[in-house]
Amino acid sequence: MKVDKNVNVFLTITKEAIKQEIELGEFSQYKDADWMEVLQLAVRNKLLEVMFPVIDQIYQKNLIPDEVYANWNSITKISTIYQYRHYYAIRQVIAACKGKDILPILFKGCVLAEQYPKYVLRSSSDTDIYVYDCDRKKMEEVFKELGYDYLEEESKHKVQVFKSKELNHIIELHTCLWEDYSGPKMTLLENMNLTSRDSLITITACGIELTTLGHTEHLIYQMFHIIKHFSIEGISIRYLLDITLFIHKYHNQIDFERFWDCMEKLQYTKFTQTLFWICIKYFDLNKDVFLGQKITEPDNVEDLLKDLLAVGISFDDCSAQWQILGIMTPYLVGEESYSKSKLTRKLKVLFPSNKALSEDYAYAKRHRILVPIAWIHRDIKFIIKRHQNKKDWYDASDKLKIAEHRISLMNDLGLIGMK
């Protein structure tokens with residue numbers, strides 16, 4: 001598998017950036033790179049801040065244009081200041097929970113950032129906290145005391161969103177790790193007991209003592225989270241760094257036999273093997289993750305890497321993922337299989353079943369006889385929104401193209417079964 005020069009420069013710098021000790025080797029490999037393209041790749045993949053320490057060293061060799069470096073430096077400094085405020089807010093929340101018989105369980109975010117050479121360089125816009133149902137009301141009271149507002153429009157039944165205007169900090173309060181999704185794969189995840197009290201651990205991450213998921217449970221969850229975003233919108237290269245650094249840190253504490261057993265049950269094996277292969281090739285992930293099995297280069301590595309670098313086909317449209325959410329959800333949760341007929345796949349997009357409809361049409365999800373009415377309702381809403389948001393709203397052909405691309409990728413990577 002070959003990549004072009006600028007992509008190779010981007011991946012090489014990223015690999016150097018996650019090492020505790022940077023070894024730049026020959027600087028000649030960075031000559032004649034299109035640094036504006038490298039910068040764009042860094043921004044798109046949310047790695048601009050992570051890469052900066054290496055970029056700084058390359059700049060000292062007069063290999064990066066002043067304008068590119070100035071932008072890189074400025075954004076990194078602003079982001080770092082924001083991240084310090086972000087972690088201050090987390091400390092406030094954890095401190096406020098003490099003595100109130102509340103168990104906030106933090107996951108993703110600071111747990112993953114701790115593995116980076118400098119945790120503030122992994123930018124994060126919000127904080128994910130899981131609580132058991134019995135703690136939800138008490139946690140809401142804590143947020144109220146700290147001045148957080150409840151954002152009803154952005155919340156779901158099992159994921160409530162709160163925001164502190166003072167600290168510009170957003171918290172997503174989960175009572176279910178897989179949000180409001182339901183289906184066969186969610187049942188499998190439920191049976192894996194990822195939030196069992198017996199598996200919880202206490203760690204210090206980003207200077208904060210906190211409770212989080214067990215290492216094996218967290219890795220299983222990360223794969224669900226990655227596949228959720230991959231299915232709906234595409235994922236960035238940063239997800240690969242998260243996985244690589246997490247496994248590097250906790251390799252001896254992760255039960256890989258259980259992990260791969262769970263991947264097999266969820267139909268995630270082929271995707272995970274392909275993702276891990278990329279991590280091994282470009283970021284030195286420990287090959288032991290395959291438990292001694294000889295793994296050759298998977299067939300779909302190039303397609304997956306291209307999708308990762310572009311962060312999915314919908315990168316240029318910030319609202320794109322929500323527009324195909326209803327189409328992709330049945331494939332994600334295991335309720336829809338892959339049809340060999342392209343016509344059948346298109347018809348499913350244009351005339352979705354009750355299960356494939358979004359919650360905006362809950363009446364049709366509950367009563368199948370009302371599905372044709374939901375189709376008309378959906379078309380009317382589409383015409384209105386298309387008129388109001390001409391630049392960032394897909395037409396029917398766009399939706400078909402994007403949905404077909406993502407469904408095809410999911411099928412090639414073994415994430416959905418065949419009919």
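Here the structure is a predicted model, which means the values were calculated and not measured.
Atom NZ of Lys118 has 12 or fewer neighbouring heavy atoms from other residues, nucleotides or ligands inside a 6.0 Å radius. More than 12 heavy atoms of other shown residues, nucleotides or ligands fall within 6.0 angstrom of atom CD in Glu145.
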message = For Lys15 and Leu11: C-alpha separation, side-chain torsions, deciding distance, then whether side chain to side chain contact (heavy atoms under 4.5 Å, CB included) applies.
response = CA-CA 6 Å; Lys15 177 181 176 179; Leu11 293 172; over 6 Å; no

request  = Check step by step if ring pair (Phe, Tyr, Trp, His ring centres under 6.0 Å) holds for Tyr250 and His218.
outcome  = CA-CA 11 Å; Tyr250 298 117; His218 209 153; 8.6 Å; no

query = Checking side-chain hydrogen bond (donor to acceptor under 3.5 Å, both in side chains) for the pair Asp307/His405: CA distance, chi angles, key distance, verdict?
reply = CA-CA 10 Å; Asp307 196 73; His405 173 71; 3.2 Å; yes

key: Residues Leu194, Leu177; criterion side chain to side chain contact (heavy atoms under 4.5 Å, CB included); working and verdict   = CA-CA 9 Å; Leu194 302 184; Leu177 291 181; 4.0 Å; yes

key: Stepwise side chain to side chain contact (heavy atoms under 4.5 Å, CB included) test for Glu217 and Arg258   = CA-CA 10 Å; Glu217 289 78 9; Arg258 180 187 171 202; 2.6 Å; yes

Worked check of ring pair (Phe, Tyr, Trp, His ring centres under 6.0 Å) between Tyr88 and Tyr84 = CA-CA 6 Å; Tyr88 170 76; Tyr84 278 118; over 10 Å; no

inquiry  = Under the criterion side chain to side chain contact (heavy atoms under 4.5 Å, CB included), I'd like the reasoning laid out for Ile105 against Tyr132: C-alpha separation, chi angles, the key distance, then a yes or no.
reply    = CA-CA 9 Å; Ile105 302 162; Tyr132 298 113; 4.0 Å; yes

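If you run side-chain contact (heavy atoms from CB on, under 4.5 Å) between Asn191 and each of Asn193, Thr187, Leu189, only Thr187 comes through. Each of Lys156, Lys158, His157 was compared with Glu179 under the side chain to side chain donor-acceptor pair (under 3.5 Å) criterion, and only Lys156 meets it. Checking each of Val9, Asn8, Thr12, Leu63 against Gln29 for a side-chain contact (heavy atoms from CB on, under 4.5 Å) leaves exactly one that passes, namely Thr12.
Residues Phe230 and Leu304 have side chains in contact (heavy-atom distance under 4.5 Å, counting atoms from C-beta outward). Lys100 has its side chain out of reach of Lys138: every pair of non-hydrogen atoms, C-beta onward, lies at least 4.5 Å apart. Inter-residue side-chain proximity for Trp178 and Leu332 is flagged as unmet; no heavy-atom pair is nearer than 4.5 Å. Residues Ile226 and Ile243 form a side-chain contact, since some pair of their non-hydrogen atoms from C-beta on lies under 4.5 Å apart. In this structure, Arg238 and Arg122 have side chains that are in contact, with non-hydrogen atoms separated by less than 4.5 Å. Between His251 and Phe256, some side-chain heavy-atom pair lies under the 4.5 Å cut-off.
Listed by chain and number, the residues in a side chain to side chain contact (heavy atoms under 4.5 Å, CB included) with Glu153 amount to none (sequence neighbours excluded). Under the rule for a side chain to side chain contact (heavy atoms under 4.5 Å, CB included), the partners of Pro53 that lie at least two apart in sequence or sit in another chain are Ile22, Leu121. For Asp412, there are no side chain to side chain donor-acceptor pair (under 3.5 Å) partners at least two apart in sequence or on another chain. The side chain to side chain contact (heavy atoms under 4.5 Å, CB included) search around Lys108 returns Leu112, Asp128, Tyr221, His225, not counting sequence neighbours. Shown here are the side chain to side chain contact (heavy atoms under 4.5 Å, CB included) partners of Arg91, two or more places apart in sequence or in another chain: Tyr87, Tyr119, Ile208.
Proximity of a side-chain donor or acceptor of Thr216 to a complementary backbone N or O of Asp255 within less than 3.5 Å is detected. Panel note: side chain Asn45, backbone Ile237; a donor-acceptor pair is recorded below 3.5 Å. Looking at Asp135, its side chain never comes within 3.5 Å of a backbone N or O of Val131 through a donor-acceptor pair. Remark: the backbone N or O of Cys206 is paired with a side-chain donor or acceptor of Glu114 at under 3.5 angstrom. Side-chain atoms of Thr204 never come within 3.5 Å of backbone atoms of Gly207 as a donor-acceptor pair (strictly under, hydrogens ignored). Within the 3.5 Å criterion, the main-chain N or O of Val301 finds no donor-acceptor partner in the side chain of Trp277. Under the 3.5 Å distance criterion, the side-chain polar atoms of Glu335 are left unmatched by any main-chain donor or acceptor of Tyr331. Proximity of a side-chain donor or acceptor of Asp288 to a complementary backbone N or O of Leu291 within less than 3.5 Å is not detected. Put simply, the side chain of Lys185 gets close to the backbone of Leu266: a donor and an acceptor are under 3.5 Å apart. Remark: the backbone N or O of Leu106 is paired with a side-chain donor or acceptor of Thr212 at under 3.5 angstrom.
Residue pairs meeting the side chain to side chain donor-acceptor pair (under 3.5 Å) criterion with at least one partner in residues 52-64, sequence neighbours excluded, are Asp56-Gln60, Asp56-Tyr69, Tyr59-Asp66.
Across every non-hydrogen atom of Val93 and Val142, the tightest pair is O-CG1, 4.4 Å. Met51 and Ala42 make their closest contact through SD-CB, 3.7 Å (heavy atoms, listed as atom of the first residue, atom of the second, distance). Heavy atoms only, all atoms of each residue included: Ala205 and Leu210 are closest at CB-CD2, 4.1 Å. For Ala17 against Val50, the heavy-atom pair with the smallest separation is CB-O, 3.4 Å.
The structure places CZ of Phe276 at 7.0 Å from SG of Cys279, a figure rounded to the nearest 0.5 Å. Distance check: Asp303 CG to Leu413 CG gives 8.0 Å after rounding to the nearest 0.5 Å. Atom OG of residue Ser123 and atom OH of residue Tyr82 lie 9.5 Å apart, to the nearest 0.5 angstrom. With rounding to the nearest 0.5 angstrom, the CH2 atom of Trp35 is 13.5 Å from the CD atom of Gln40. To the nearest 0.5 Å, atoms CG (Leu151) and CD1 (Ile171) are separated by 11.0 Å. Remark: Gln273 CD to Tyr268 OH distance equals 15.0 Å, nearest 0.5 Å.
Both tests do not hold together for Arg44 against Phe10: distance to the six-membered ring centre under 6.0 Å, angle to the ring axis within 45°.
With hydrogens and angles left out, the side-chain atoms of Ser79 and Glu49 include a donor and acceptor closer than 3.5 Å. His169 and Tyr148 share a donor-acceptor pair across their side chains, judged by distance under 3.5 Å alone. Side-chain polar atoms of Gln160 and Glu172 form no donor-acceptor pair below 3.5 angstrom.
In this pair, Trp260 and Phe290 present their aromatic rings parallel. The plane angle is below 30°, not in the 30 to 60° band. Ring orientation note: the planes of His215 and Phe246 are nearly perpendicular, at an angle over 60° on the 30°/60° scale. The aromatic rings of Phe162 and Tyr150 sit tilted relative to each other, their planes meeting at an angle between 30° and 60°.
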